[in-house]
Amino acid sequence: MNRLCWAFLGLGMLAPVAAVAQFFAPGFGASTAAEGYQRGFADVVRSAGEANLMDSLAAQNYVAARSQDIQNRVQWTEAYYQMRRANRAYRESKRSPRLSQEEIARNARQGLPRRLTSAELDPLTGEVNWPVILQESQYASEREQLEKLFGKRAEATSVSPDVYREIKTNTDELLATLKKSIAQYKPNDWLGARKFVESLAYEVRFPTG
């Protein structure tokens, strides 16, 4: 009787040990609650690491894209201002030479009209910046014809006799029309418009380049 009790007692003590050994024995695939917790925690840590890595790569890509965008903007701005400087230099090279004070005085003594500036007559396009009076509708016909003729003059390397003659004819007609309207304007305004037309006719004597 005592031996049987001792046998049951021994089996009872070995059962928990066997159960524990079963969880840790290789090949069984089972785990304890602690091991499951550790594995879950490892997964969370690994996921967090991967998320941080993706965030880091995304941040690097954003910084690189931003840097490239800034560089493109800088290059575009530099190219824009280079073109502006080149255009300004070209316009300056085509601008009518400035007369000296001596030449201006000599022209005044001889009764010659003044040279028009590039703001008044663009040497590159032939565009005419008319005084306010000459922008009125009654001068539209002569004004449009003269704009076409000075456009042709700007395109050519030299003024053809036909263009020269047509400009002279149209400026004379414009002066005649302006003279008929003298009573409509203040003396200084009318005189300024007349001198502008005379300078326009005088400008055709000079080369465009």
Distance from Lys168 atom NZ to Glu173 atom CD, nearest 0.5 Å? 11.0 Å

Considering residues, nucleotides and ligands other than Asp162, do more than 12 of their heavy atoms fall under 6.0 Å from its CG? yes

How far does CG of Asp172 sit from CD1 of Ile167, to the nearest 0.5 angstrom? 12.0 Å

Leu121 CG to Thr117 OG1 distance, which is reported to the nearest 0.5 Å: 8.5 Å

Tell me the closest heavy-atom pair linking Thr125 and Ala154, and the distance in Å. C-CB, 3.6 Å

Does a side-chain N-to-carboxylate-O contact under 4.0 Å join Arg114 and Glu120? yes

Return the CD to OG1 distance between Glu136 and Thr177, rounded to the nearest 0.5 Å. 12.0 Å

Give me the atom names and distance for the closest heavy-atom approach of Glu166 to Leu149. OE1-CD2, 3.5 Å

Show the nearest heavy-atom pair for residues Gln184 and Gln138, with the distance to one decimal. OE1-NE2, 3.4 Å

For Arg153 and Phe206, which heavy atoms make the closest approach, and how far apart are they? NH2-O, 2.8 Å

A side-chain contact here means heavy atoms from C-beta on lying under 4.5 Å apart; do Val128 and Glu203 qualify? no

Qualifying residue, where the test is side-chain contact (heavy atoms from CB on, under 4.5 Å) with Trp130 and the options are Ile133, Leu134, Val132: Leu134

Please answer whether the main-chain N or O of Gln68 pairs with a side-chain N or O of Asn72 as donor and acceptor at a distance below 3.5 Å. yes

Could you please spell out the steps behind the side-chain contact (heavy atoms from CB on, under 4.5 Å) verdict for Phe196 and Leu116? CA-CA 8 Å; Phe196 182 88; Leu116 294 177; 4.0 Å; yes

Above 12 or not: heavy atoms from other molecules or residues under 6.0 Å from CD of Glu127? no

What residue pairs, at least two apart or across chains, pass salt bridge (charged side-chain N to carboxylate O under 4.0 Å, His left out) with a residue in residues 183-201? Arg194-Glu198

Inter-residue atom distance Ser141.OG - Asn170.CG, 0.5 Å rounding: 7.5 Å

